[in-house]
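Numbering starts at 1 and runs along the sequence shown. Reckoned from all heavy atoms, side chains included, excluding hydrogens, waters and symmetry mates.
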Amino acid sequence: MDEEQNNKLLLIDAIGNASLEDEERGALAPGQWRLVLSQNNTQLPLLYPDQSWNAVIWRLGDNAINIKLMQEEAYRLIGPGGRVILIGKLNARKKNSAINIAESLAGNVEVVELDDGRSIIVFNKQSLAESGFSTTAISNATLNDSNCVRSIIDPNDTKGYYGCIDLISEEGIYGWLLNGENPTASIAISIFLNGELIGNTYTATLREDISNVLEYPINCGLHFKWAEATFPLWIEEYDLQNEVNFTFSVIGSEFYLSYQKAMPTFEKLLKWRAMTQSTRTDDKLIGNVDNINGKKIEGWAIRLDRQDIAASVQLFIDGLLIEETRASKYRADLREANIRSGFAAFEFNIPNEFFDGTDHKFNVIETSSNTCLPGVSEFAFYDPAISTTRMQYFYESVLISINITPSGIEELKTKKKVAIICSYFESSFFSSSHKYLFQNLRDCGYWILSVHSLSSQFSKFEKPDEVDGIIFKRNSGYDFGSWLCGIYYLRDHLPELNQLVLINDSIFGPLYNLKPIFEKMDSEYSDFWGLIDSFQSGYHLQSFFLVFNNKVLSSSFFNEFGNSFSYSDNKEIVIQEGELSLTNKLVQEGFIPNVVFKYEDVGRHWLTKWKTLTNKHTSRSKKISNSEITELFEQYIQMVFDGIPMNPTHLFWDSLIELGFPFIKRELLFKNPMNLQNLSSAKNIIRNCKSYPIEHIDNASRFFPIERIYL
């Protein structure tokens with residue numbers, strides 16, 4: 001086995017589809033797979049999309065079922081020279097079936113019979129002779145020595161996360177974690193013991209060592225106390241001398257924190273839990289989560305050390321931080337019990353996306369002590385009399401009003417081209433920048449549906465003249481939630497449409513006429529396309545402007561996508577399930593993508609331009625008049641030169657406009673997340689486009705609540 005093969009092995013155990021030892025079955029929930037990623041056997045669900053494995057080894061149990069699905073999934077994961085190995089005891093019927101499936105997938109199969117009664121079935125995308133692959137050697141080494149099983153993790157698969165677990169001791173679990181794209185954000189982590197969730201924590205404490213590296217203070221530290229853990233009942237049944245297996249999952253991502261030291265034994269863990277229980281006192285906090293009342297979680301809490309202030313409590317559902325509030329509401333029963341004069345109650349509203357008929361676990365944490373309150377800890381909402389789908393349920397739960405006339409629907413049927421534009425701001429009327437976008441798309445022949453989110457109730461809802469129909473909804477689900485509401489409303493008309501455009505109001509423009517872009521893309525065959533692609537957190541089309549043709553619209557794709565979407569109010573989850581997953585899911589369904597402005601072309605243009613301006617042999621004073629190039633900007637130039645994926649609509653904004661890109665991002669002008677100094681020239685560059693009135697940006701800068709505009 002050569003080094004490249006050694007670095008690209010993937011071992012899968014068919015949990016739930018095979019008969020395994022009880023101890024192995026307890027390691028993960030039924031229906032999951034085990035993916036070995038490192039020398040310490042870190043176990044993850046099989047969600048890793050990489051398709052370049054040299055070998056995928058699938059170990060089957062005695063009663064393995066759905067072997068065809070296993071073979072197809074494994075074949076999808078291997079690269080051009082890869083091979084799939086099935087290992088297990090198979091009866092004659094199953095073996096012949098597996099061989100026939102392998103031949104249909106790859107055309108060449110090798111079968112090896114082992115002395116212990118197991119069969120090894122190998123098939124690949126090249127012949128075995130070409131691959132130089134030794135079946136028996138690699139399979140035996142993998143099964144007998146898990147240390148030989150490794151993988152190379154694509155850095156882009158971390159979604160920008162960095163961190164590790166530093167220490168597991170009698171005090172609990174210590175570590176750190178940050179998101180490189182948003183370093184100051186608090187991140188929730190789920191902790192699993194041998195595959196079973198025992199608790200959640202989040203980054204909240206200052207780490208001076210990480211702060212020193214980053215050169216600014218950052219609260220990226222985490223500390224999970226054993227007192228916060230809910231240990232499974234089976235823990236005392238394990239061999240006490242065996243090591244436990246902790247995994248640390250970042251909620252809303254596929255990133256797992258690593259721990260390079262030896263894991264504690266079950267004996268140590270039980271001792272630590274006993275120490276926690278014996279030293280735990282109620283001298284700082286008392287409280288309880290009392291019940292679920294309709295869609296509210298109710299309880300009470302007080303700090304015994306500071307009854308002069310209301311306790312602060314946080315709600316976590318399935319490991320996600322949902323809301324923080326004060327335990328300061330009045331309850332008569334608390335007054336009668338002489339608990340803070342009755343003003344110690346709290347309540348949380350459960351977000352709509354959790355009303356999906358499945359079970360959910362939650363925790364209420366008192367923040368000063370980081371202590372989990374006892375009491376009710378799970379809920380499920382399901383009415384068998386209601387047969388709504390997830391997309392329908394979300395649509396009906398957030399809908400406020402609809403203003404679409406029957407004549408408008410008839411016009412939709414005639415045009416057969418629809419643009420759904422989603423927006424959010426604290427008003428039921430629209431800025432001039434929105435109306436300009438609406439009108440430009442109407443001029444291109446599109447029927448315009450506006451889906452507008454509001455966090456407050458308004459008594460009057462105005463439909464702009466520039467739109468054909470408008471849906472007002474509660475602010476939930478971000479842009480994908482709004483688009484899917486519009487798609488659900490149009491569900492009966494989608495198969496008859498020639499084209500659907502999804503746009504959000506994160507952009508200003510169009511700076512140029514959109515008709516030439518639509519005409520160009522109509523002349524090039526594709527099933528869906530976007531304005532620009534990105535390699536950040538994995539390849540995808542950026543979702544602020546996406547176009548879908550009839551082949552997608554007449555399929556069941558959006559129905560399936562909408563019913564699998566979580567409609568979360570957690571932005572990271574929406575990005576993961578929406579923008580980052582959509583392109584991949586469409587391609588997996590066989591739909592052909594296209595893009596107007598390719599990342600590599602725009603990046604090359606930008607790099608050539610700015611490398612010239614930073615040339616040490618030319619006079620900067622002749623080329624740059626307003627200190628556009630800073631040390632930070634030079635770092636960005638080097639990162640692009642080194643091939644590190646960047647956000648193209650932010651860093652390459654000037655090159656994009658020079659190349660004919662029709663929009664500029666609102667966040668770039670209002671927040672400037674990358675601290676780009678060259679934004680001072682934005683107004684002049686936009687004016688040079690001539691077709692876009694700059695006053696729309698000035699108007700929007702008063703329309704949206706911002707501190708400043710970077711122009």
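- The six-membered or imidazole ring of F348 lies near that of F346, with a centre-to-centre distance under 6.0 Å.
- Under the 3.5 Å distance criterion, the side-chain polar atoms of D527 are left unmatched by any main-chain donor or acceptor of F591.
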**Item:** Audit row: V574, E579, side chain to side chain contact (heavy atoms under 4.5 Å, CB included) steps and yes/no
**Value:** CA-CA 8 Å; V574 173; E579 181 170 45; over 6 Å; no

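- Atom CD of Q542 and atom OG of S506 lie 9.0 Å apart (nearest 0.5 Å).
- Under the salt bridge (Lys or Arg N to Asp or Glu O under 4.0 Å) criterion, K415 pairs with E411, not counting sequence neighbours.
- Under 3.5 Å, the side chains of K296 and N349 contain a donor-acceptor pair of N or O atoms.
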**Message:** What verdict does the salt bridge (Lys or Arg N to Asp or Glu O under 4.0 Å) test give for E519 and K515, after you've listed the backbone C-alpha separation in whole Å, the side-chain angles of each residue and the deciding distance to 0.1 Å?
**Reply:** CA-CA 6 Å; E519 291 171 354; K515 284 184 180 179; over 6 Å; no

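- Atom CG of L454 is separated from atom OH of Y424 by 8.5 Å, given to the nearest 0.5 angstrom.
- Listed by chain and number, the residues in a side chain to side chain contact (heavy atoms under 4.5 Å, CB included) with E560 are S556 (sequence neighbours excluded).
- Remark: K585 NZ is packed, more than 12 non-hydrogen atoms of other residues, nucleotides or ligands lying under 6.0 Å away.
- Interatomic distance, L500 CG to L449 CG, rounded to the nearest 0.5 Å: 9.5 Å.
- One distance of note links CG of L494 with CG of L490; it measures 6.0 Å at 0.5 Å rounding.
- The aromatic rings of F561 and F557 lie parallel to each other, their planes meeting at an angle below 30°, with 60° marking the opposite boundary.
- Taking the six-membered ring for Trp and thresholds of 30 and 60 degrees, F472 and F430 have ring planes inclined between 30 and 60 degrees apart.
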**Residue pair I402, Y489: steps toward the side chain to side chain contact (heavy atoms under 4.5 Å, CB included) verdict** = CA-CA 10 Å; I402 301 175; Y489 177 82; 4.0 Å; yes

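- A donor-acceptor contact shorter than 3.5 Å links the side chain of T414 to the backbone of E410.
- Classification of the F518-W529 ring pair by plane angle, with boundaries at 30° and 60°, yields perpendicular.
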**Prompt:** Is there a side-chain hydrogen bond (donor to acceptor under 3.5 Å, both in side chains) between Y202 and Q314 once you walk through the steps?
**Reply:** CA-CA 11 Å; Y202 60 98; Q314 294 176 320; 2.8 Å; yes

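- Distance alone, capped at 3.5 Å, places no donor-acceptor pair between the D468 side chain and the W447 backbone.
- Salt-bridge check for R666 with D505: passed, with a basic side-chain N closer than 4.0 Å to an acidic carboxylate O.
- Under the side chain to side chain contact (heavy atoms under 4.5 Å, CB included) criterion, S566 pairs with R390, S568, I573, E577, not counting sequence neighbours.
- Using a 30° and 60° split on the angle between ring planes, F508 and F670 fall in the perpendicular class, above 60°.
- Here the side chain of Y567 pairs a donor or acceptor atom with the backbone of G562 at under 3.5 angstrom.
- Without hydrogens or angle criteria, S655 side chain to V602 main chain gives no donor-acceptor distance under 3.5 Å.
- The side-chain heavy atoms of I409 and I404, taken from C-beta on, include a pair separated by under 4.5 Å.
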**Message:** Using side-chain hydrogen bond (donor to acceptor under 3.5 Å, both in side chains), reason through T649 and N647 one step at a time and then give a plain yes or no.
**Reply:** CA-CA 6 Å; T649 53; N647 185 339; 3.0 Å; yes

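- Residues passing the ring-ring contact (aromatic ring centres under 6.0 Å, His included) test with W483, sequence neighbours excluded: F480.
- Within 6.0 Å of NZ on K571 lie no more than 12 heavy atoms contributed by other residues, nucleotides or ligands.
- Among pairs with a residue in residues 487-499, none fulfils salt bridge (charged side-chain N to carboxylate O under 4.0 Å, His left out), at least two apart in sequence or across chains.
- In this structure, K417 places its NZ atom where more than 12 heavy-atom neighbours from other residues, nucleotides or ligands lie under 6.0 Å away.
- Using modelled atom types, one side-chain atom of N563 and one backbone atom of N559 make a donor-acceptor pair closer than 3.5 Å.
- A donor-acceptor distance shorter than 3.5 angstrom exists from the side chain of D533 to the backbone of Y599, with no hydrogens or angles considered.
- From E298, atom CD reaches atom CG of N288 across 12.0 Å, with rounding to the nearest 0.5 Å.
- Y512 meets the ring-ring contact (aromatic ring centres under 6.0 Å, His included) test with no other residue; sequence neighbours excluded.
- Judged purely by atom type and a 3.5 angstrom limit, R331 has no side-chain atom pairing as donor or acceptor with the backbone of A345.
- Salt bridge D465/K435: absent, no basic N to carboxylate O contact under 4.0 Å.
- Between the side chain of S691 and the backbone N or O of L511, at least one donor-acceptor pair lies under 3.5 Å.
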**Request:** Apply ring pair (Phe, Tyr, Trp, His ring centres under 6.0 Å) to F663 and F545, showing your working.
**Result:** CA-CA 10 Å; F663 296 105; F545 190 105; 5.7 Å; yes

**Request:** Report the C-alpha separation of Y488 and F558 in whole Å, then their side-chain angles, then the decisive distance to 0.1 Å, and conclude whether the ring pair (Phe, Tyr, Trp, His ring centres under 6.0 Å) test is met.
**Result:** CA-CA 9 Å; Y488 180 80; F558 275 119; over 10 Å; no

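- Residues E324 and S312 bring a donor and an acceptor atom of their side chains to less than 3.5 Å of each other.
- For the atom pair I697 CD1 and Y692 OH, the distance stands at 5.0 Å (nearest 0.5 Å).
- Using a distance-only test at 3.5 Å, with no hydrogens or angles considered, no donor-acceptor pair links the side chain of S190 to the main chain of N200.
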**Item:** side-chain hydrogen bond (donor to acceptor under 3.5 Å, both in side chains) between Q576 and E572, worked out
**Value:** CA-CA 6 Å; Q576 176 62 41; E572 294 295 327; over 6 Å; no

**Prompt:** Are F535 and H540 close enough, and set up right, to give a ring pair (Phe, Tyr, Trp, His ring centres under 6.0 Å), and what steps lead you there?
**Reply:** CA-CA 7 Å; F535 290 86; H540 62 280; 8.7 Å; no

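- Smallest separation of non-hydrogen atoms from E466 and R442: O-CD, 2.8 Å.
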**Request:** Start with the C-alpha distance between Y436 and F438, add both sets of side-chain angles, then the distance that settles ring pair (Phe, Tyr, Trp, His ring centres under 6.0 Å), and finish with yes or no.
**Result:** CA-CA 5 Å; Y436 187 85; F438 296 153; over 10 Å; no

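- Using a cutoff of 4.0 Å between basic side-chain nitrogens and carboxylate oxygens, D569 and R474 are not scored as salt-bridged.
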**Item:** Derivation of the side chain to side chain contact (heavy atoms under 4.5 Å, CB included) call for S526 and N549
**Value:** CA-CA 8 Å; S526 63; N549 293 326; 4.2 Å; yes

